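Owing to the predicted nature of the structure, the values given are computational and were not obtained by experimental measurement.
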2 protein chains.
Amino acid sequence: MARSGAATIVDVARLAGVSPAAVSKVIRGAYGVSPSMRERVEAAIEQLAYRPRVAARAMRGSTFSIGIELPHPGYHFFTTILQGATAALGHTRYQPIVVPTATEAERDGRALDLLADRQVDGIVAVSPLVSPDRLERLAARIPVVLLGRHDRTASYDTVTGDDVEGTRQVMKHLLGLGHRRIAYLVQEGQAAMPGIRTPQETRMEQYLEHMHRAGLGAAARVVRTVDGDVVPESAVEALLAPERPTAILVGRHELALEMLQAVTARGLDVSVAGYDDTCLAGHPAISLTCVDQDGVEMGAKAIRLLLERIGGRTEAAHLTVEPTLKARASTRPVR
Amino acid sequence: MARSGAATIVDVARLAGVSPAAVSKVIRGAYGVSPSMRERVEAAIEQLAYRPRVAARAMRGSTFSIGIELPHPGYHFFTTILQGATAALGHTRYQPIVVPTATEAERDGRALDLLADRQVDGIVAVSPLVSPDRLERLAARIPVVLLGRHDRTASYDTVTGDDVEGTRQVMKHLLGLGHRRIAYLVQEGQAAMPGIRTPQETRMEQYLEHMHRAGLGAAARVVRTVDGDVVPESAVEALLAPERPTAILVGRHELALEMLQAVTARGLDVSVAGYDDTCLAGHPAISLTCVDQDGVEMGAKAIRLLLERIGGRTEAAHLTVEPTLKARASTRPVR
DNA sequence: GCCGAGACTGGAAGCGGTTGCGCACTTCCA
DNA sequence: TGGAAGTGCGCAACCGCTTCCAGTCTCGGC
C-alpha cells in the first residue's frame, strides 16, 4: 500500500500474482488476457477496493473525461444543456467534469485552458464569446464542440439552435397578432463581438430583417441593456415611455421575465416574448410566450458529436436543433 | 516539444538555460530562486505558452483543484451554493471542478469517488444521502465539507442552514396568521434515511414539534410525494380534498412553486410557504412566502472551511447559516 | 586567509499508470 | 517433424512534474 493508504496497481498485481501490466490490461478491457487471469485480477481489485488514479492514466493514456464549460450555472437553459450532456454520457466510460465560468474575466476562454490542462478527452463549450482563432488552436489538440455558435469552421463541431427559424416563428406570431411597433431588447456585449456571431446577435439581425420585410423598418427599435441579470431602470424607461412599442421581443429568457414583470407592474398592455423556455415561463401566473430550444437535445447531440470525434471522425459536423414557439398569455392581439 | 505539440517543463528549462527543477520552483513560487532566474524562466514560459499539466503535478504534488459535488444542477438553490463557492475560490490558486450527479444511482456517493480518483485537494459535497461511514472513510484521505447535513462528526466539516430556526420562523408566521390546520409536504426518500438527518427531515420534525406545542398535534398532517420535480396529482388531491388544510408548508422550493400553482389553479384560499428563495418566488405574479437560506454564503463558508483544512486545521468545524423569512402574498390570514 | 552559514541550482529518483516489444508456449498445417 | 502463426504474459521504458539532497558559490566574521 502506498502512503496515501489507497491501493495502487502494483498492490493489485502482487495480490493477484500477476504483473502490473496485466492488471492494466484487465481494467482497460484490453486485448490479451485469459479468463482465469481476468478473474483473479478482478477479485484482487474488489478485495483492495482499488481505483485507478485519473492522473496516472493521463500521463500516457486517456483520462476518460469530458470537460464541459458552463457559463453562469444559474441560467436555466444552460443547466438544461448540462442535463442532456450528462445523461448522454451516462452509459459510456467517459465522465463529465464541469468548469463553471463564474466571473466575467473567465469568459474569454480561460476555462477552456483549464480543461485542456486537465487533459480531458473532449470539450463541450457553451461560451459564445471566445474568439474563433483561440478555439481553432484548442481544437487542433482536443476535440471540441461549441454550442450556439453560428460560425462554421472545419476544426470544431457545433450544435446550434435554429435562431433564424425561431425568430421567424415569433415574429410571425407577433405580426399576426397585429403588432407593428415591436422593439428588441438585447444584452450588451452579446451583439457586437468582432468575428463572432452570437445567438442573440443572429436573432437581432433576423428581427431587423423581418421588420424590414414587413415594411416596418422605421418602427424597428433595438434597446441594449448591460451584461447582467437585471434590466436596468433606464432600459425599462426607454422601452416603456410614451410612444412605447406594443410588443417587446427579448433575446434572453431571464431578461424577458424581468421585462414582463416591469410591464405587469405598470399595468401596461405590452406583449412580451422571450427566448428559451422554463417551467416558470409556463406557470399560469407568468405565462410568458417564448421560443423553446430543446437544451437537453442540444447537450445530448454535443456529446454524440464529441464521441464521434474521439472515435476518429475528422471532418467537421454542424447540427441544428429546431425550436418551437410556445405561445402563451404574455402576447395578445394588439388593441 | 512533446508529440502533443504542447511545451513541457523540459522545453521551458532548455529555453531558459536552467534545470527543470528550477522551472518547477518558479511556477510554484517556491523558495530558493534568484530574481534573474525567475525572470528568464518567466520569459521562456511566456514565449512557449507553457501550461503545467494537472495530471503530472498530481503524481507527486497537489492538483490545486477543489471538487464540488452537485446534485441536480437544475435546482436553483444548489447553483446558488456553487456561485458562492466559485466566487470564494476566485482569488486562490485553487480551481473548482464540478461533478454533477445526474442520475439517482449516483447519489450514493459514487460522484465523490470520482472526485477522489482525480486527487482533488478537497471536496465540497451537497449530497445529503451518502452514508456517514462512507464519508468518514473519504474524509480520512481528503478534506471534506458537507452542506446541509445535521450529523456532526469529527472527521468532516459541515455548513448547515439553521432548519430549526427557519421552521420556527415560518411556523410562527403561519400560526400568527391564525392557521390551525397546517399540513407538511415532503419529498419521499428525503425523510427516512437511516442514520442521516436531512434538512427536509429536520424541518418536518420541527413542524411536528411546533404543531404539538401549539396544541395542534391532532391537526398535523404529513403528505409525502415521490422523489422528483413534480407533485403528483394524488398528493395534490390528498392535500386539497375537502377538509383541506388552510396552509401548506413545503420542504423544497420547486415543490412549493408547484403546490402554489395547484392551489391557484383551483381558486382555493390555501396559504403556501416553502423553503429557499429565488428571484421567481419574489416575482409579483407568484409571490411565494419562503424561508430564505443564503446559498452564496453557504458556498463561500464551505470553501473557507476547506481551505482551512487544507491549511492544516484538524479539529472539525460546524457552521450554521441563519435563514430569514420572506413573507409574501402566498400566505394570508385565515378567513 | 579560512571557515561556516546561507543562498542558489541541478541531478536523479520517484509518483502510478500505459505501452511497445520480446519471450515462452500452443496450435496448426504441410 | 519442422516451422509459421497465434496467444498470453511480463519487462522496462516512458509520460511530465515535484522533491530530496548534494553540490557550488558568495560573503561576512574572526
task = Measure from NZ on B:K25 to C1' on D:dG16 and round the result to the nearest Å.
result = 17 Å
request  = Measure from CZ on A:R57 to P on D:dC17 and round the result to the nearest Å.
outcome  = 21 Å
ask   = Considering only D:dC17, C:dA7, D:dC9, which nucleotide approaches the side chain of A:M37 most closely?
value = D:dC9
Verdict with supporting geometry, B:S65 and B:Q95, side chain to side chain donor-acceptor pair (under 3.5 Å) = CA-CA 5 Å; B:S65 29; B:Q95 273 297 323; over 6 Å; no
ask   = Any side-chain donor-acceptor pair under 3.5 Å between B:E136 and B:S155?
value = yes
ask   = Which of these passes side chain to side chain contact (heavy atoms under 4.5 Å, CB included) with B:R118: B:D113, B:I97, B:I123?
value = B:I97
query = To the side chain of B:R60, which of D:dC11, C:dG14, C:dT9 is closest?
reply = C:dG14
key: Between D:dG16 (C1') and B:D11 (CG): distance, integer Å   = 10 Å
ask   = Among D:dT19, D:dC17, C:dG17, which nucleotide sits nearest the side chain of B:Y50?
value = D:dC17
request  = Check every atom of C:dG16, D:dA12, D:dC17 against the side chain of A:M59 and return the nucleotide holding the closest atom.
outcome  = C:dG16
key: A:E315, CD: over 12 other non-hydrogen atoms inside 6.0 angstrom   = yes
message = What is the separation between atom CD1 on B:I45 and atom P on D:dC17, rounded to the nearest whole Å?
response = 10 Å
ask   = Can you tell which of C:dT9, D:dC17, C:dG17 lies closest to the side chain of A:P52?
value = C:dG17
task = Could you state the atom-to-atom distance from CD of B:Q119 to C1' of D:dG16 in whole Å?
result = 14 Å
key: Residue closer to the 5' end of DNA chain D, A:P20 versus A:P35 (nearest nucleotide)   = A:P35
task = Could you check A:D294, A:T160, A:V296 and say which one makes a side chain to side chain contact (heavy atoms under 4.5 Å, CB included) with A:V321?
result = A:D294
A:T8 side-chain N/O to C:dC15 phosphate OP1/OP2 under 4.0 Å = no
key: Value in whole Å for how far the P atom of C:dG11 lies from CD1 of B:I9   = 14 Å
note = Atom CZ of B:R38 and atom C1' of C:dA7 are separated, to the nearest Å, by 14 Å
5′-ward residue of the pair B:S19/A:V10 relative to DNA chain C = B:S19
remark   = From the candidates C:dT19, D:dG10, D:dT19, the one with an atom nearest any side-chain atom of A:A22 is D:dG10
Single hit among B:R304, B:H318, B:R309, B:R152 for side-chain hydrogen bond (donor to acceptor under 3.5 Å, both in side chains) with B:D157 = B:R309
Whole angstrom value for the distance that separates P of C:dC21 from OH of A:Y31 = 17 Å
inquiry  = Under 4.0 Å, counting only non-hydrogen atoms across every strand here, what does A:V18 touch: a base, just sugar-phosphate, or nothing?
reply    = sugar-phosphate
message = By nearest atom, which of the nucleotides C:dC8, C:dT18, C:dA12 is closest to the B:A21 side chain?
response = C:dA12
query = Choosing from C:dA12, C:dG17, C:dT18, which nucleotide comes nearest the side chain of A:R53?
reply = C:dG17
ask   = With a 4.0 Å cut-off on heavy atoms, is B:V33 in touch with a base, just the backbone sugar-phosphate, or nothing at all?
value = sugar-phosphate
